[in-house]
Trainee: 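First the structure, which I've put down as structure tokens, then a few questions once you've had a look.
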Amino acid sequence: MAAQMAALNIVFEAPDNAKGPCPSKVRPIDLVHLAKQTMGDKSLEIEVLQMFARQARACLQDIASGETIRVGAAAHRLKGAASSVGAFRVSQTAEAVEETGGDAGATAALGAAVIDAENFILKLCRG
């Protein structure tokens, strides 16, 4: 009986990682989220990430145009695409660009986030 109670206590305890962020969430791409989206298919993950990187570059070009409508639309597209692949920092900074209409600081932060995500994707593709 004592062994069963101990097992139940272990099962229903809070996980050890509840005290801090999941390591996957601090990376440029949350690989746990991506794996859920692609059902663990590694080749599909790489394909999706490469498509995301191309789309992110195209969106940055539209944002650089400075045209209010293009900036907002591109930031919105990038926010959605980034969220779907687990590039949450890109998504958050794209949302800031969308809300500010292309503020220089928000746009610079978005560019940096996209570069981090691209570099991370390149490392994954090589490995």
Side-chain angles (χ1 to χ4, degrees):
M1 185 64 145
Q4 289 176 333
M5 291 303 292
L8 282 174
N9 285 337
I10 290 170
V11 169
F12 292 107
E13 283 182 3
D16 289 339
N17 65 356
K19 296 178 182 104
C22 174
S24 184
K25 294 205 184 290
V26 296
R27 293 182 181 140
I29 305 290
D30 182 340
L31 296 175
V32 174
H33 176 83
L34 181 62
K36 288 177 185 173
Q37 295 295 92
T38 60
M39 294 178 278
D41 184 332
K42 297 297 179 192
S43 62
L44 180 58
E45 286 178 11
I46 296 299
E47 186 178 339
V48 166
L49 288 174
Q50 289 173 337
M51 287 176 19
F52 167 72
R54 286 191 299 273
Q55 182 178 13
R57 276 288 160 186
C59 287
L60 286 180
Q61 288 177 340
D62 284 345
I63 290 168
S65 75
E67 296 175 25
T68 306
I69 293 173
R70 284 179 67 190
V71 168
H76 186 77
R77 278 193 315 275
L78 184 52
K79 177 178 70 171
S83 290
S84 68
V85 301
F88 296 121
R89 185 168 154 239
V90 172
S91 180
Q92 290 167 347
T93 54
E95 183 175 23
V97 168
E98 184 180 18
E99 290 173 355
T100 63
D103 169 77
T107 301
L110 177 58
V114 168
I115 289 170
D116 284 346
E118 286 177 337
N119 288 335
F120 190 80
I121 292 166
L122 286 172
K123 288 177 188 174
L124 285 176
C125 291
R126 283 189 220 138

Trainee: Look at the side-chain heavy atoms of Ile, Leu, Val, Met, Phe, Trp and Tyr, link any pair under 4.5 Å apart, and say whether L122 and I115 land in one connected group.
Mentor: no
Trainee: Of all the heavy-atom pairs spanning I46 and C125, show the shortest one and how long it is.
Mentor: CG2-SG, 3.7 Å
Trainee: Mind listing the side-chain donor-acceptor pairs of residues 86-97 below 3.5 Å, one per line with the distance, residues two or more places apart or on another chain?
Mentor:
unit_1	atom_1	unit_2	atom_2	d
R89	NH1	D116	OD2	2.5
S91	OG	K79	O	3.2
S91	OG	S83	OG	2.7
T93	OG1	R89	O	3.0
T93	OG1	V90	O	3.1

Trainee: Distance check, rounded to the nearest 0.5 Å: L34 atom CG versus S84 atom OG?
Mentor: 9.0 Å
Trainee: Write down the atom of I121, the atom of L49, and the distance for their closest heavy-atom approach.
Mentor: CD1-O, 3.6 Å
Trainee: Between L110 and V114, is a side chain to side chain contact (heavy atoms under 4.5 Å, CB included) present by the stated rule, with each step listed?
Mentor: CA-CA 6 Å; L110 177 58; V114 168; 4.1 Å; yes
Trainee: Enter the distance from E45:CD to I29:CD1 here, rounded to the nearest 0.5 Å.
Mentor: 10.5 Å
Trainee: Taking distance alone, no hydrogens or angles, what donor-acceptor pairs closer than 3.5 Å link side-chain atoms of residues 70-77 to residues at least two apart or in another chain?
Mentor:
unit_1	atom_1	unit_2	atom_2	d
R70	NH2	D62	OD1	2.7
H76	ND1	E98	OE2	2.9
R77	NH2	D62	OD2	2.9

Trainee: Name every donor-acceptor pair, under 3.5 Å, that has one atom in a side chain of residues 51-58 and the other anywhere in the protein, sequence neighbours excluded.
Mentor:
unit_1	atom_1	unit_2	atom_2	d
R57	NE	E118	OE1	3.3
R57	NE	E118	OE2	2.7
R57	NH2	E118	OE1	2.7

